Amino acid sequence: MADCYWITFLVVLFCLVGAFDASAGDADPLYRACFGQCKETGCAGETCFGHCNTPLNNSSSDDNWYLKEPLYLWLKQANCLSDCQYHCMIQRETERATHGFGPVKYHGKWPFKRVFGLQEPVSVAFSALNLAMHLHGWLSFITLIYYKLRSNADETTCYSYTSLWHIYAFLSINSWLWSAIFHGRDMDFTEKLDYSSAVALLGFSLIVSVLRSFSVKNEATRVLVAAPLLAFTTTHILYLNNYQMDYGWNMKVCVVIAVSQLLIWSIWAGISHHPSRWKLWTVVVGGGLAMLLEIYDFPPYQGLVDAHALWHATTIPLTYIWWSFIKDDAKFGTSNSSKKDE
(Lines give C-alpha, C1' and ligand atoms only; values in the text may rest on other atoms or scores of the structure.)
Protein backbone atom coordinates (compact mmCIF):
# COMPACT_ATOMS: atom_id res chain seq x y z
CA MET A 1 0.00 0.00 0.00
CA ALA A 2 2.84 2.38 0.80
CA ASP A 3 4.35 1.81 -2.65
CA CYS A 4 1.03 2.54 -4.36
CA TYR A 5 0.59 5.70 -2.30
CA TRP A 6 3.97 7.18 -3.23
CA ILE A 7 3.72 6.19 -6.89
CA THR A 8 0.33 7.87 -7.12
CA PHE A 9 1.76 10.91 -5.37
CA LEU A 10 4.61 11.04 -7.91
CA VAL A 11 2.21 10.86 -10.86
CA VAL A 12 0.11 13.68 -9.44
CA LEU A 13 3.21 15.83 -9.00
CA PHE A 14 4.25 15.24 -12.61
CA CYS A 15 0.80 16.22 -13.84
CA LEU A 16 1.00 19.47 -11.89
CA VAL A 17 4.49 20.50 -12.98
CA GLY A 18 3.02 22.60 -15.76
CA ALA A 19 1.10 24.61 -13.22
CA PHE A 20 4.33 25.48 -11.41
CA ASP A 21 5.75 27.17 -14.51
CA ALA A 22 2.77 29.43 -15.16
CA SER A 23 3.60 33.14 -14.96
CA ALA A 24 0.64 35.16 -16.17
CA GLY A 25 2.20 38.38 -14.93
CA ASP A 26 5.10 38.12 -17.39
CA ALA A 27 2.71 38.22 -20.34
CA ASP A 28 0.80 41.26 -19.06
CA PRO A 29 1.38 44.02 -21.68
CA LEU A 30 1.31 46.78 -19.06
CA TYR A 31 3.91 45.01 -16.91
CA ARG A 32 6.11 44.36 -19.94
CA ALA A 33 5.85 48.00 -21.00
CA CYS A 34 6.78 49.20 -17.51
CA PHE A 35 9.68 46.76 -17.28
CA GLY A 36 10.96 47.69 -20.75
CA GLN A 37 10.81 51.40 -19.97
CA CYS A 38 12.53 50.90 -16.62
CA LYS A 39 15.41 49.04 -18.26
CA GLU A 40 15.84 51.97 -20.63
CA THR A 41 15.41 54.89 -18.22
CA GLY A 42 15.90 53.47 -14.72
CA CYS A 43 12.40 54.57 -13.70
CA ALA A 44 9.33 52.45 -12.98
CA GLY A 45 6.50 54.93 -13.33
CA GLU A 46 7.32 57.78 -10.97
CA THR A 47 9.86 55.71 -9.02
CA CYS A 48 13.43 56.17 -10.20
CA PHE A 49 16.59 54.47 -8.98
CA GLY A 50 19.71 56.54 -8.45
CA HIS A 51 22.04 53.60 -9.03
CA CYS A 52 20.65 53.05 -12.56
CA ASN A 53 22.97 55.51 -14.20
CA THR A 54 23.66 53.29 -17.22
CA PRO A 55 20.81 51.90 -19.36
CA LEU A 56 20.51 48.13 -18.98
CA ASN A 57 20.28 47.68 -22.74
CA ASN A 58 23.71 49.18 -23.29
CA SER A 59 25.05 46.94 -26.03
CA SER A 60 28.65 47.29 -24.96
CA SER A 61 28.28 45.56 -21.56
CA ASP A 62 24.78 44.15 -21.28
CA ASP A 63 25.93 40.86 -19.78
CA ASN A 64 27.99 42.47 -17.03
CA TRP A 65 26.07 45.66 -16.38
CA TYR A 66 25.99 45.17 -12.60
CA LEU A 67 29.79 45.15 -12.42
CA LYS A 68 29.75 48.87 -13.28
CA GLU A 69 27.70 49.74 -10.21
CA PRO A 70 29.27 50.80 -6.89
CA LEU A 71 30.54 47.79 -4.96
CA TYR A 72 28.32 48.32 -1.93
CA LEU A 73 25.23 48.33 -4.16
CA TRP A 74 26.33 45.15 -5.89
CA LEU A 75 26.93 43.41 -2.56
CA LYS A 76 23.43 44.37 -1.41
CA GLN A 77 22.04 43.06 -4.69
CA ALA A 78 20.11 46.32 -5.16
CA ASN A 79 20.58 46.32 -8.92
CA CYS A 80 18.47 47.93 -11.60
CA LEU A 81 16.99 44.76 -13.07
CA SER A 82 15.77 43.46 -9.71
CA ASP A 83 14.33 46.83 -8.69
CA CYS A 84 12.63 47.28 -12.06
CA GLN A 85 10.96 43.88 -11.79
CA TYR A 86 9.85 44.48 -8.23
CA HIS A 87 8.43 48.00 -8.60
CA CYS A 88 6.73 47.29 -11.92
CA MET A 89 5.18 44.19 -10.34
CA ILE A 90 3.96 46.11 -7.29
CA GLN A 91 2.51 48.91 -9.42
CA ARG A 92 0.74 46.44 -11.69
CA GLU A 93 -0.67 44.48 -8.74
CA THR A 94 -1.96 47.70 -7.19
CA GLU A 95 -3.76 48.50 -10.44
CA ARG A 96 -5.18 44.97 -10.66
CA ALA A 97 -6.43 45.13 -7.06
CA THR A 98 -8.34 48.37 -7.74
CA HIS A 99 -10.23 46.54 -10.49
CA GLY A 100 -11.01 43.57 -8.26
CA PHE A 101 -8.45 41.13 -9.73
CA GLY A 102 -6.34 38.81 -7.60
CA PRO A 103 -2.54 38.48 -7.69
CA VAL A 104 -0.72 36.57 -10.43
CA LYS A 105 2.79 35.20 -10.67
CA TYR A 106 5.71 37.11 -12.22
CA HIS A 107 8.73 35.19 -13.48
CA GLY A 108 7.35 32.06 -11.82
CA LYS A 109 6.94 33.66 -8.40
CA TRP A 110 4.16 35.34 -6.44
CA PRO A 111 4.39 39.09 -5.73
CA PHE A 112 5.83 39.70 -2.26
CA LYS A 113 6.28 42.85 -0.21
CA ARG A 114 9.86 43.65 0.62
CA VAL A 115 10.68 44.11 4.29
CA PHE A 116 14.03 45.73 5.14
CA GLY A 117 15.11 45.03 1.57
CA LEU A 118 14.30 41.30 1.84
CA GLN A 119 12.18 40.01 -1.02
CA GLU A 120 10.56 37.11 0.88
CA PRO A 121 11.24 37.86 4.56
CA VAL A 122 9.22 34.97 6.01
CA SER A 123 10.96 32.40 3.80
CA VAL A 124 14.31 33.96 4.75
CA ALA A 125 13.48 33.56 8.45
CA PHE A 126 12.34 29.95 8.07
CA SER A 127 15.38 29.10 5.93
CA ALA A 128 17.62 30.55 8.64
CA LEU A 129 15.81 28.48 11.29
CA ASN A 130 16.27 25.33 9.19
CA LEU A 131 19.97 26.15 8.91
CA ALA A 132 20.14 26.58 12.69
CA MET A 133 18.38 23.25 13.27
CA HIS A 134 20.84 21.42 11.00
CA LEU A 135 23.79 23.12 12.69
CA HIS A 136 22.44 22.18 16.13
CA GLY A 137 21.80 18.60 15.01
CA TRP A 138 25.26 18.29 13.49
CA LEU A 139 27.03 19.66 16.58
CA SER A 140 25.08 17.34 18.88
CA PHE A 141 25.94 14.44 16.53
CA ILE A 142 29.64 15.37 16.72
CA THR A 143 29.44 15.47 20.52
CA LEU A 144 27.78 12.06 20.59
CA ILE A 145 30.20 10.41 18.16
CA TYR A 146 33.51 11.80 19.39
CA TYR A 147 32.85 12.13 23.11
CA LYS A 148 30.07 9.81 24.25
CA LEU A 149 30.43 6.81 21.90
CA ARG A 150 34.21 6.82 21.51
CA SER A 151 35.87 3.58 22.49
CA ASN A 152 38.34 3.74 25.35
CA ALA A 153 40.72 1.49 23.45
CA ASP A 154 41.11 3.79 20.45
CA GLU A 155 39.91 7.12 19.16
CA THR A 156 37.40 5.77 16.64
CA THR A 157 33.78 4.72 16.95
CA CYS A 158 32.07 1.60 15.71
CA TYR A 159 29.48 3.57 13.73
CA SER A 160 30.11 3.06 10.02
CA TYR A 161 28.21 6.04 8.61
CA THR A 162 29.82 8.95 10.46
CA SER A 163 31.57 10.46 7.44
CA LEU A 164 28.39 10.28 5.35
CA TRP A 165 26.41 12.26 7.93
CA HIS A 166 29.19 14.86 8.14
CA ILE A 167 28.95 15.44 4.39
CA TYR A 168 25.16 15.48 4.61
CA ALA A 169 25.29 18.13 7.37
CA PHE A 170 27.65 20.34 5.36
CA LEU A 171 25.45 20.12 2.25
CA SER A 172 22.32 20.83 4.32
CA ILE A 173 23.79 23.93 5.94
CA ASN A 174 25.07 25.14 2.56
CA SER A 175 21.67 24.55 0.94
CA TRP A 176 19.69 26.44 3.59
CA LEU A 177 22.24 29.27 3.58
CA TRP A 178 21.72 29.86 -0.14
CA SER A 179 17.98 29.39 0.28
CA ALA A 180 17.96 32.29 2.75
CA ILE A 181 20.11 34.44 0.45
CA PHE A 182 18.01 33.63 -2.62
CA HIS A 183 14.72 34.40 -0.87
CA GLY A 184 16.29 37.60 0.41
CA ARG A 185 17.05 38.79 -3.11
CA ASP A 186 16.18 36.85 -6.25
CA MET A 187 18.98 37.27 -8.79
CA ASP A 188 20.50 35.08 -11.46
CA PHE A 189 23.52 33.92 -9.45
CA THR A 190 21.63 33.54 -6.14
CA GLU A 191 19.00 31.49 -7.96
CA LYS A 192 21.60 29.20 -9.51
CA LEU A 193 23.40 28.69 -6.22
CA ASP A 194 20.13 27.96 -4.42
CA TYR A 195 18.95 25.44 -7.02
CA SER A 196 22.40 23.83 -7.34
CA SER A 197 22.78 23.48 -3.57
CA ALA A 198 19.31 21.95 -3.24
CA VAL A 199 19.96 19.42 -6.02
CA ALA A 200 23.34 18.51 -4.50
CA LEU A 201 21.69 17.91 -1.12
CA LEU A 202 18.89 15.83 -2.64
CA GLY A 203 21.33 13.74 -4.67
CA PHE A 204 23.56 12.99 -1.70
CA SER A 205 20.54 12.28 0.51
CA LEU A 206 19.50 9.60 -1.98
CA ILE A 207 23.00 8.10 -1.82
CA VAL A 208 22.86 8.03 1.99
CA SER A 209 19.41 6.41 1.97
CA VAL A 210 20.66 3.60 -0.29
CA LEU A 211 23.90 3.01 1.63
CA ARG A 212 22.24 3.03 5.06
CA SER A 213 19.13 1.04 4.13
CA PHE A 214 21.17 -1.72 2.50
CA SER A 215 23.92 -1.54 5.18
CA VAL A 216 26.67 -0.94 2.62
CA LYS A 217 29.88 -0.66 4.66
CA ASN A 218 32.55 -1.75 2.19
CA GLU A 219 34.26 1.32 0.70
CA ALA A 220 34.61 -0.15 -2.80
CA THR A 221 30.93 -1.08 -2.89
CA ARG A 222 29.99 2.39 -1.68
CA VAL A 223 31.91 3.93 -4.56
CA LEU A 224 30.18 1.65 -7.08
CA VAL A 225 26.76 2.58 -5.68
CA ALA A 226 27.41 6.30 -5.32
CA ALA A 227 29.28 6.91 -8.59
CA PRO A 228 26.31 6.79 -11.03
CA LEU A 229 24.08 8.83 -8.70
CA LEU A 230 26.85 11.36 -8.15
CA ALA A 231 27.49 11.58 -11.89
CA PHE A 232 23.81 12.20 -12.65
CA THR A 233 23.51 14.86 -9.93
CA THR A 234 26.64 16.66 -11.13
CA THR A 235 25.50 16.53 -14.76
CA HIS A 236 22.10 17.96 -13.83
CA ILE A 237 23.70 20.83 -11.89
CA LEU A 238 26.00 21.62 -14.83
CA TYR A 239 22.99 21.54 -17.18
CA LEU A 240 21.08 24.07 -15.07
CA ASN A 241 24.03 26.41 -14.71
CA ASN A 242 25.65 26.25 -18.15
CA TYR A 243 22.93 25.27 -20.60
CA GLN A 244 19.40 26.12 -19.49
CA MET A 245 17.63 26.87 -16.19
CA ASP A 246 14.73 24.56 -17.02
CA TYR A 247 12.35 24.83 -14.06
CA GLY A 248 10.00 22.09 -15.29
CA TRP A 249 12.78 19.56 -15.83
CA ASN A 250 14.42 20.46 -12.53
CA MET A 251 11.11 19.95 -10.73
CA LYS A 252 10.74 16.48 -12.24
CA VAL A 253 14.30 15.51 -11.30
CA CYS A 254 13.88 16.75 -7.72
CA VAL A 255 10.52 14.98 -7.34
CA VAL A 256 11.97 11.66 -8.56
CA ILE A 257 14.95 11.93 -6.20
CA ALA A 258 12.84 13.00 -3.22
CA VAL A 259 10.14 10.36 -3.67
CA SER A 260 12.77 7.65 -4.32
CA GLN A 261 14.48 8.24 -1.00
CA LEU A 262 11.14 8.51 0.81
CA LEU A 263 10.22 5.12 -0.64
CA ILE A 264 13.57 3.62 0.37
CA TRP A 265 13.39 4.95 3.93
CA SER A 266 9.72 3.97 4.36
CA ILE A 267 10.28 0.39 3.16
CA TRP A 268 13.39 0.03 5.31
CA ALA A 269 11.53 1.36 8.35
CA GLY A 270 8.77 -1.15 7.70
CA ILE A 271 10.99 -4.23 7.48
CA SER A 272 13.73 -3.31 9.95
CA HIS A 273 13.58 -3.61 13.71
CA HIS A 274 15.24 -0.28 14.32
CA PRO A 275 14.25 1.01 17.78
CA SER A 276 13.70 4.55 16.43
CA ARG A 277 11.83 3.65 13.26
CA TRP A 278 8.84 5.68 14.46
CA LYS A 279 10.98 8.82 14.10
CA LEU A 280 11.85 7.78 10.57
CA TRP A 281 8.18 7.19 9.80
CA THR A 282 7.36 10.63 11.20
CA VAL A 283 9.88 12.30 8.90
CA VAL A 284 8.80 10.26 5.85
CA VAL A 285 5.07 10.88 6.32
CA GLY A 286 5.58 14.49 7.42
CA GLY A 287 7.88 15.17 4.47
CA GLY A 288 5.37 13.66 2.05
CA LEU A 289 2.52 15.73 3.47
CA ALA A 290 4.68 18.87 3.45
CA MET A 291 5.24 18.40 -0.28
CA LEU A 292 1.50 18.93 -0.75
CA LEU A 293 2.11 22.59 0.07
CA GLU A 294 4.14 22.77 -3.13
CA ILE A 295 1.12 21.43 -5.03
CA TYR A 296 -1.71 23.43 -3.47
CA ASP A 297 0.01 26.71 -4.09
CA PHE A 298 -1.68 29.96 -3.06
CA PRO A 299 -0.82 33.68 -3.20
CA PRO A 300 1.08 35.16 -0.24
CA TYR A 301 -1.17 36.35 2.57
CA GLN A 302 -0.64 40.09 3.05
CA GLY A 303 2.18 39.75 0.54
CA LEU A 304 4.32 37.87 3.09
CA VAL A 305 3.38 34.20 3.64
CA ASP A 306 2.71 31.73 0.83
CA ALA A 307 2.62 27.93 0.55
CA HIS A 308 6.36 27.71 -0.10
CA ALA A 309 7.10 29.66 3.09
CA LEU A 310 4.86 27.29 5.05
CA TRP A 311 6.72 24.35 3.52
CA HIS A 312 9.94 25.82 4.91
CA ALA A 313 8.21 26.08 8.30
CA THR A 314 7.15 22.41 8.33
CA THR A 315 10.71 21.22 7.72
CA ILE A 316 11.96 22.87 10.94
CA PRO A 317 10.46 20.33 13.42
CA LEU A 318 11.08 17.50 10.93
CA THR A 319 14.77 18.43 10.88
CA TYR A 320 14.94 18.14 14.66
CA ILE A 321 13.31 14.68 14.56
CA TRP A 322 15.56 13.63 11.66
CA TRP A 323 18.79 14.45 13.52
CA SER A 324 17.36 12.73 16.59
CA PHE A 325 16.95 9.60 14.44
CA ILE A 326 20.50 9.92 13.11
CA LYS A 327 21.88 10.06 16.67
CA ASP A 328 19.73 7.10 17.71
CA ASP A 329 21.02 5.20 14.68
CA ALA A 330 24.59 5.94 15.76
CA LYS A 331 23.86 4.55 19.21
CA PHE A 332 22.10 1.51 17.70
CA GLY A 333 24.95 0.82 15.26
CA THR A 334 27.60 1.20 17.93
CA SER A 335 25.71 -1.09 20.31
CA ASN A 336 25.36 -3.82 17.66
CA SER A 337 29.03 -3.61 16.74
CA SER A 338 30.05 -3.88 20.39
CA LYS A 339 27.91 -6.99 20.85
CA LYS A 340 29.51 -8.63 17.81
CA ASP A 341 32.98 -7.95 19.18
CA GLU A 342 32.20 -9.63 22.52
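Fair warning: this is a prediction, and the values are worked out from it, not measured in the lab.
In terms of the salt bridge (Lys or Arg N to Asp or Glu O under 4.0 Å) criterion, Arg32 has no residue partners (sequence neighbours excluded). Among residues two or more places apart in sequence or in another chain, the ring pair (Phe, Tyr, Trp, His ring centres under 6.0 Å) test is passed with His308 by His183, Trp311, His312. In this structure, Asp194 has no salt bridge (Lys or Arg N to Asp or Glu O under 4.0 Å) partners at least two apart in sequence or on a different chain. Here Trp268 pairs with nothing under the side chain to side chain donor-acceptor pair (under 3.5 Å) rule; sequence neighbours left out. Taking the ring pair (Phe, Tyr, Trp, His ring centres under 6.0 Å) definition, one finds that Tyr243 meets it with Tyr239, sequence neighbours left out. Among residues two or more places apart in sequence or in another chain, the side chain to side chain donor-acceptor pair (under 3.5 Å) test is passed with Tyr195 by none. For Trp265, there are no side chain to side chain donor-acceptor pair (under 3.5 Å) partners, not counting sequence neighbours. The ring pair (Phe, Tyr, Trp, His ring centres under 6.0 Å) check on Tyr86 picks up nothing, with sequence neighbours excluded. Evaluation of the side chain to side chain donor-acceptor pair (under 3.5 Å) rule for Glu93 yields Tyr106 as partners, not counting sequence neighbours.
Under the 3.5 Å distance criterion, the side-chain polar atoms of Thr94 are matched with a main-chain donor or acceptor of Ile90. A donor-acceptor pair is defined here as one N or O able to donate and one able to accept, closer than 3.5 Å; such a pair exists between the side chain of Ser140 and the backbone of Gly137. Between the side chain of Asn241 and the backbone N or O of Ile237 there is at least one donor-acceptor pair closer than 3.5 Å. Put simply, the side chain of Thr334 never gets that close to the backbone of Lys331: no donor and acceptor are under 3.5 Å apart. Panel note: side chain Ser324, backbone Tyr320; no donor-acceptor pair is recorded below 3.5 Å. Checked by atom type and distance alone, the side chain of Arg96 pairs as donor or acceptor with a backbone atom of Gly102 at under 3.5 Å. Ser209 contributes a side-chain N or O that, together with a main-chain N or O of Leu206, makes up a donor-acceptor pair within less than 3.5 Å.
Looking at Phe332 and Pro275, their side chains come closer than 4.5 Å, going by heavy atoms from C-beta outward. His134 places a side-chain heavy atom less than 4.5 Å from the side chain of Thr319. Within the 4.5 Å cutoff, the side chain of Gln302 has no heavy atoms near those of the Val122 side chain. Looking at Leu304 and Val115, their side chains come closer than 4.5 Å, going by heavy atoms from C-beta outward. Using a 4.5 Å cut-off on side-chain heavy atoms (C-beta onward), Thr315 and Phe126 make no contact. By the 4.5 Å heavy-atom criterion applied to side chains, Val305 and Leu310 are counted as neighbours. Between Val199 and Asn250 there is a side-chain heavy-atom pair separated by less than 4.5 Å. His236 places a side-chain heavy atom less than 4.5 Å from the side chain of Trp249.
A pairwise comparison of heavy atoms in Ala330 and Phe141 identifies CB-CE1, 4.1 Å as the closest pair. The nearest pair of heavy atoms linking Leu193 to Trp178 is CD1-CH2, 3.3 Å. Closest of all the heavy-atom pairs between Ser213 and Ile264 is OG-CG2, 3.3 Å. Between Ser175 and Ser197, the shortest heavy-atom contact is CA-CB, 3.7 Å. For the pair Ser266 and Trp281, the tightest heavy-atom approach, listed with the atom from each and the gap, is O-CZ2, 3.4 Å. For the residue pair Pro300 and Pro111, the shortest heavy atom distance occurs at CG-O, 3.2 Å.
We find that Lys252 and Asp246 are not joined by a salt bridge, their nearest charged nitrogen and carboxylate oxygen being 4.0 Å or further apart.
Atoms CD1 and OG, from Ile167 and Ser205 in turn, are 11.5 Å apart once rounded to the nearest 0.5 Å. Taking CG of Leu135 as the reference point, atom CG of Leu139 lies at 4.5 Å (rounded to 0.5 Å). His166 NE2 to Trp138 CH2: the interatomic distance, rounded to the nearest 0.5 Å, is 7.0 Å. Here the OG-CG distance, from Ser123 to Asp306, works out to 5.5 Å after rounding to the nearest 0.5 Å. Remark: Thr233 OG1 to Ile257 CD1 distance equals 5.0 Å, nearest 0.5 Å. Taking CG of Leu129 as the reference point, atom CD1 of Ile316 lies at 4.5 Å (rounded to 0.5 Å).
Follow the hydrophobic side-chain contacts under 4.5 Å out from Leu318 and you never reach Leu131; the two are in separate clusters. Each of Leu118 and Met89 belongs to its own hydrophobic cluster when Ile, Leu, Val, Met, Phe, Trp and Tyr are linked at side-chain heavy-atom distances under 4.5 angstrom. Under a hydrophobic clustering in which Ile, Leu, Val, Met, Phe, Trp and Tyr are joined whenever their side-chain heavy atoms come within less than 4.5 Å, directly or via other members, Phe101 and Phe298 fall into different clusters. Val124 is not connected to Trp110 by any chain of hydrophobic side-chain contacts under 4.5 Å among Ile, Leu, Val, Met, Phe, Trp and Tyr, and they are in different clusters. In terms of hydrophobic clustering, with Ile, Leu, Val, Met, Phe, Trp and Tyr side chains grouped at heavy-atom distances under 4.5 Å, Tyr31 and Phe112 are assigned to different clusters.
Within the structure, every pair that satisfies the salt bridge (charged side-chain N to carboxylate O under 4.0 Å, His left out) test and touches residues 308-329, not counting sequence neighbours, is listed here: Arg212-Asp329, Lys279-Asp328. Applying the ring pair (Phe, Tyr, Trp, His ring centres under 6.0 Å) test to pairs two or more places apart or on separate chains, none has a residue in residues 202-234. Applying the salt bridge (charged side-chain N to carboxylate O under 4.0 Å, His left out) test to every pair with at least one member in residues 219-241, sequence neighbours left out, gives these pairs: Glu219-Arg222.
Ring pair Phe325/His274 is tilted by interplanar angle, where 30° to 60° counts as tilted. Under the 30°/60° scheme for interplanar angles, the aromatic rings of Trp165 and Tyr168 are found to stand perpendicular.
The 12-atom threshold is not exceeded at NZ of Lys113, counting heavy atoms of other residues, nucleotides or ligands nearer than 6.0 Å. Counting heavy-atom neighbours within 6.0 Å of His136 NE2, excluding the residue itself, gives a total of 12 or less. By the 6.0 Å contact criterion, OH on Tyr301 is open, its count of non-hydrogen atoms from other residues, nucleotides or ligands being 12 or less.
SG atoms of Cys43 and Cys38 are separated by 2.5 angstrom or more, inconsistent with a disulfide link.
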*Decide yes or no on side chain to side chain contact (heavy atoms under 4.5 Å, CB included) for Tyr146 and Thr162, but give the supporting numbers first.*
CA-CA 10 Å; Tyr146 295 107; Thr162 301; 3.7 Å; yes
